[in-house]
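Structure record follows, encoded as structure tokens.
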Amino acid sequence: MVPSTDAVAGAEQSAEEVVVSRDGAVGVVRLNRPKALNALSYGVVDRVMDALAGFDRDPAVGCLLLAGSRRAFAAGADIKELESETLQDMVLKRPMVAWDRIRRVAKPIVGSVNGFALGAGCELAMSCDILVAGEDAVFAQPEINLGVIPGAGGTQRLTRAVGKAVAMDMILTGRRMGAAEALQRGLVSRVVPAEAAFDEALKLAREIAAMPAIAALLAKEGVARAPEMDLDTALEYERKLFYIIFGTEDQKEGMKAFREKRPAAFRGR
Ligand code: DAK
């Protein structure tokens, strides 16, 4: 069972900065460092990535849910940790490698955003496949105000999500984008009342988790790869993914159930 919002709020005192739980076929990962507005220290990022990778390997899980807390999804990388870092640290410790792990997750990831999603917090949110935002959500890449630039995909993912003009505007000024604008610009897919964001995201994740698992996985792969390919290559690629689905039991079951006018009983095979 997923801890209730209160339970997670209560866990503020605990040492668990990342709370990992299961809700049926949904693997839930919640940032829980509210006193620092869920600032993403190296340790927190590692734990998030470990948890996502663990759920990705778990056959009982069909969809992942990544959430923050009520005031903040995450207010960025941990500035206090970053301040003393050097060029040599960046090159030799290779901290970016941890961030590549979320891109390798095959199962769909739903993100639930309340409050601040700033800097690396915005980048982590954009690494999810679908975002449900509370009306209080605020997105920004304010790194320029700290003398740096986005380093976990912001210049690339924001540009792909909202286009060059708006991405330039946000990244060069650090300006914030509210939930309504994020919806209008296609950064998030749903905006709901702030207090409902987690529950709505969980509902969406449950719905996806109940879908035929291999089809969901291949559908995600097709959409995720779309911006990386020219149309001809992309359509050919989609065709191959489509062929693969015809090797699944769920394809047979889905179409048989349609013919027999009954709900399909997908088994994820
Ligand atoms: N890091 C560390 N602590 C943070 C933090 C952050 N990003 N954001 C907030 N906090 C802490 C504050 O320091 C404060 O803790 P105390 O000082 O009281 O102990 C606590 O959270 C509450 O924050 P405030 O007192 O500031 O609360 P306010 O309501 O007044 O303001 C705020 C909320 C979100 C507007 C403000 O806290 C703020 O501006 N925070 C910083 C936002 C920001 O600039 N974010 C971008 C960070 S740079 C990398 C990949 C990516 C990145 C770096 C490396 N690699 C792979 C190596 C990305 C860089 C970034 O994200």
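Any value given below was found using the heavy atoms of this structure, including those in side chains, with hydrogens, waters and symmetry copies removed. Counting convention: from 1, in listed order, for ligands and their atoms alike. Residue numbers run from 1 in the order of the sequence given.
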Q | Check: Pro150 main-chain N/O paired with Gln141 side-chain donor or acceptor under 3.5 Å | A | no
**Q.** Arg176 near ligand 1 by a heavy-atom separation under 4.0 Å
**A.** yes
**Q.** ligand 1 to Ala75 polar contact by distance, N or O atoms, under 3.5 Å
**A.** yes
Q) So, the side chain of Asn114 versus the backbone of Ala194: is there a donor-acceptor pair under 3.5 Å, distance only? A) yes
Q) Mind checking whether Met90 has an N or O less than 3.5 Å away from an N or O of ligand 1? A) no
Q. Hey, is Leu146 touching ligand 1 through its side chain, its backbone, both or neither, going by heavy atoms under 4.0 Å?
A. side chain
Q) Considering only protein heavy atoms, which is closest to atom 20 (C) of ligand 1, and at what distance to one decimal place? A) Lys35 O, 3.2 Å
Q) Any idea which part of Leu82 is under 4.0 Å from ligand 1, heavy-atom wise: side chain, backbone, both or neither? A) side chain
Q. Where's the contact between Arg71 and ligand 1, heavy-atom distance under 4.0 Å: side chain, backbone, both or neither?
A. side chain
Q. Any non-hydrogen protein atom below 4.0 Å of atom 39 (O) of ligand 1?
A. no
Q: Just need the protein heavy atom nearest to atom 23 (O) of ligand 1, so name the residue and atom and give the distance.
A: Leu37 CD1, 3.7 Å
Q: Report the nearest protein non-hydrogen atom to atom 16 (P) of ligand 1: residue, atom name, distance rounded to 0.1 Å.
A: Lys80 NZ, 3.7 Å
Q: Look at atom CG of Leu146 and say whether more than 12 heavy atoms of other residues, nucleotides or ligands are closer to it than 6.0 Å.
A: yes
(Q) Against Phe73, only a single residue in Leu66, Val138, Leu131 fulfils side chain to side chain contact (heavy atoms under 4.5 Å, CB included); can you say which? (A) Leu66
Q: Go through Lys240 and Glu236 one step at a time and tell me if the salt bridge (charged side-chain N to carboxylate O under 4.0 Å, His left out) criterion holds.
A: CA-CA 7 Å; Lys240 297 292 187 307; Glu236 198 53 49; 2.8 Å; yes
(Q) Using a plain distance cutoff, I'd like to know if Ala120 has any nitrogen or oxygen under 3.5 Å from a nitrogen or oxygen of ligand 1. (A) yes
**Q.** Polar proximity ligand 1 side, Ile79 side, N/O cut 3.5 Å exclusive
**A.** yes
**Q.** Contact partition for Pro142 relative to ligand 1, non-hydrogen atoms under 4.0 Å
**A.** side chain
Q) Distance-only, no hydrogens or angles: does the Glu81 side chain make a donor-acceptor pair with backbone N or O of Tyr42 under 3.5 Å? A) yes
Q. Crowded around Glu83 CD? As in, over 12 foreign heavy atoms under 6.0 Å?
A. no
Q: Determine, step by step, whether Arg176 and Glu181 satisfy the salt bridge (charged side-chain N to carboxylate O under 4.0 Å, His left out) criterion, reporting the C-alpha distance in whole Å, the side-chain angles of both residues, the deciding distance to 0.1 Å, and the verdict.
A: CA-CA 10 Å; Arg176 295 177 180 180; Glu181 186 183 352; over 6 Å; no
Q: Only heavy atoms count here, so choose which of Arg94, Met96, Glu85, Glu123 is nearest to atom 55 (N) of ligand 1.
A: Met96
Q: Check whether any protein heavy atom sits under 4.0 Å from atom 57 (C) of ligand 1.
A: yes
**Q.** Nearest non-hydrogen protein atom, atom 59 (C) of ligand 1
**A.** Ala77 CB, 3.5 Å
